[in-house]
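Below: the structure, in structure tokens.
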Amino acid sequence: MIHIAVMGFGTVGAGVAEILQTNGALLEKRLGEAVALKYILDIRDFPDSPFGALVVHDFETIVNDPEVDVVVETIGGTGVAYEYTRRALQAGKHVVTSNKELVAIQGRKLLALAEEKNINYLFEASVGGGIPILRPLQQCLAANEIEEVFGILNGTTNYILTRMVRFGITFEAALKEAQAMGYAEQDPTADVEGQDACRKICILADLAFGREVLPEQVPNEGISGVTLRDVEIVEQAGWRVKLLGRAVRQADGSVCAYVAPHLVEEHHPIAAVEDVFNAVMVRGNAVGEVMFYGPGAGKLPTASAVVADVIDAAQHRQQRRRIGWEAGGKEVCGGAAALSMRCYLRTKDDLGRVEALFPDCEILSSQKGEVAFITPKMPLETLRQCAEALQVCAKLCVLE
Ligand code: HSE
């Protein structure tokens with residue numbers, strides 16, 4: 001029998017307990033042995049929960065119990081979550097997590113410890129919620145040099161954008177709905193301002209390119225600057241606005257990574273991704289482009305990925321899964337400045353000034369006191385210099 005401890009009985013932790021109970025017989029059949037939830041660690045009590053009797057308040061109970069094989073960390077953040085993960089690995093327990101912040105910042109260190117102890121540290125649920133993406137990226141696409149990975153990596157912001165654009169709901173009301181559904185982070189600014197997507201693109205880049213890319217190296221912009229005026233203009237011209245995380249391998253092996261709202265052409269598969277759904281596109285030098293799609297947040301979808309990792313850890317007790325990446329550094333990762341792309345700009349300047357600065361631009365809307373246009377493809381640094389001469393009210397990247 002495999003014994004599990006869940007640390008953190010929030011949305012995802014509760015989903016893990018629910019799946020272990022609902023699908024227990026199926027999991028036992030697949031694994032060849034039963035999976036028993038032995039402890040739930042939380043600072044709170046849950047007297048009304050069917051799992052209330054499993055609640056403990058002291059991590060020592062878990063780490064000192066030799067019967068616990070797999071620890072699920074769904075606490076979040078990099079404080080106690082890091083300390084408990086480190087100590088659980090040190091004690092020889094496999095650890096499974098949905099904690100993207102911890103994996104993005106401390107993943108390399110924790111994986112090195114897991115390797116030293118010959119145990120598993122698995123984190124499929126940290127990117128894309130219920131979408132299988134990290135394991136396919138490492139295994140099914142292992143024959144490829146990965147050239148680029150990008151996608152909609154935050155369910156909350158995609159949900160908010162969809163509700164605002166399709167149903168005319170205000171930003172605040174849409175955010176409240178996302179919180180009620182259990183999609184948003186405890187502090188939803190991490191969703192709205194792009195930090196959550198930033199952590200996820202870092203994890204994807206770590207695995208895709210084999211070198212550490214840290215959130216502090218990745219410029220991120222969220223959706224708080226996206227106005228309904230811009231959405232209206234671009235939709236009429238056949239574009240959709242999506243918050244994308246993107247990591248591109250450069251010819252010298254370095255990585256350009258960033259998070260920003262993008263214009264996506266309405267027939268692009270990413271444009272059809274709505275509500276809480278996420279989609280990740282991977283471009284490999286052998287396979288071409290592959291897209292992974294599914295629910296990017298929420299209790300059971302995220303817990304589905306966590307429980308699959310529990311099964312995987314149990315199946316790889318003798319021979320751990322080889323996962324890891326090398327150290328990074330400034331020369332390994334830069335922001336988007338080295339990339340060339342088109343951008344959408346809206347300015348209070350007149351058409352004459354716009355056309356003088358950007359001779360081959362595509363005008364989307366022009367009226368007294370406002371011009372909205374798409375620049376030609378150019379290095380972002382050149383574009384920034386040209387745009388400095390204009391009074392820019394809005395800027396969005398264009399996905400090619
Ligand atoms: N807050 C995250 C999101 C949860 O909305 O995508 C899943 O990582």
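- Residue Thr375 comes nearest to Met341 through the heavy atom pair OG1-O, 4.4 Å, listed as atom of the first residue, atom of the second, then distance.
- Arg211 forms no cation-pi arrangement with Phe209, by the criterion of a distance under 6.0 Å to the ring centre and an angle within 45° of the ring axis.
- For Gln138, the side-chain hydrogen bond (donor to acceptor under 3.5 Å, both in side chains) criterion is met by no residue, not counting sequence neighbours.
- Classification of Lys100 and Asp196 as a salt-bridged pair holds, one side-chain N sitting under 4.0 Å from a carboxylate O.
- Considering only residues two or more places apart in sequence or on other chains, Glu221 meets the side-chain hydrogen bond (donor to acceptor under 3.5 Å, both in side chains) condition with none of them.
- Applying the ring-ring contact (aromatic ring centres under 6.0 Å, His included) criterion to His94, with sequence neighbours excluded, gives no partner residue.
- The shortest heavy-atom contact between Glu355 and Ile363 is OE2-CG1, 4.3 Å.
- With respect to Lys176 and Glu172, no salt bridge is recorded, no charged nitrogen being found less than 4.0 Å from a carboxylate O.
- Judged as a side-chain hydrogen bond (donor to acceptor under 3.5 Å, both in side chains), and not counting sequence neighbours, Tyr84 has no contacts.
- Hydrophobic cluster of Val332: no remaining members, since no ILVMFWY side chain lies below 4.5 Å from it.
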request  = Determine, step by step, whether Asp309 and Val72 satisfy the side-chain contact (heavy atoms from CB on, under 4.5 Å) criterion, reporting the C-alpha distance in whole Å, the side-chain angles of both residues, the deciding distance to 0.1 Å, and the verdict.
outcome  = CA-CA 9 Å; Asp309 270 353; Val72 171; over 6 Å; no
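- Judged purely by distance below 3.5 Å, without hydrogens or angles, the side chains of Thr61 and Asp58 never pair a donor atom with an acceptor atom.
- Remark: Tyr344 pairs with no residue by the ring-ring contact (aromatic ring centres under 6.0 Å, His included) rule, at least two apart or across chains.
- Applying the ring-ring contact (aromatic ring centres under 6.0 Å, His included) rule to Phe123 yields the partners Tyr121; only residues at least two apart in sequence or on another chain are considered.
- Applying the ring pair (Phe, Tyr, Trp, His ring centres under 6.0 Å) definition to pairs two or more places apart or across chains, those involving residues 365-400 are Phe358-Phe373.
- At a threshold of 4.0 Å, the pair Asp275-Arg163 does not count as salt-bridged, since none of the basic side-chain nitrogens sits closer than that to a carboxylate oxygen.
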In residues 282-297, what donor-acceptor pairs under 3.5 Å come from side-chain atoms, sequence neighbours left out?
from: Arg283; atom 1: NH1; to: Glu147; atom 2: OE1; distance (Å): 2.9
from: Arg283; atom 1: NH2; to: Glu148; atom 2: OE1; distance (Å): 2.4
from: Asn285; atom 1: OD1; to: Glu145; atom 2: N; distance (Å): 2.9

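- Ion pairing between a basic and an acidic side chain is recognised when a charged N comes within 4.0 Å of a carboxylate O; Lys93 and Glu67 show no such pairing.
- Counted by atom type alone, His3 and Asp65 present zero donor-acceptor pairs between their side chains at under 3.5 Å.
- In this structure, Arg342 does not pair ionically with Glu265, as no charged nitrogen and carboxylate oxygen lie closer than 4.0 Å.
- The nearest pair of heavy atoms linking Ala125 to Val306 is CB-CG2, 3.5 Å.
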Side-chain atoms of residues 12-31: list all donor-acceptor pairs with protein atoms under 3.5 Å, sequence neighbours left out, distances to 0.1 Å.
from: Glu18; atom 1: OE1; to: Lys299; atom 2: NZ; distance (Å): 3.0
from: Thr22; atom 1: OG1; to: Glu18; atom 2: O; distance (Å): 2.7

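- Sorted by first and then second residue, the ring pair (Phe, Tyr, Trp, His ring centres under 6.0 Å) pairs involving residues 375-400 (not counting sequence neighbours) form an empty list.
- No side-chain N or O of Thr347 forms a donor-acceptor pair with one of Glu370 less than 3.5 Å apart.
- Under the ring-ring contact (aromatic ring centres under 6.0 Å, His included) criterion, Phe171 pairs with no residue, sequence neighbours left out.
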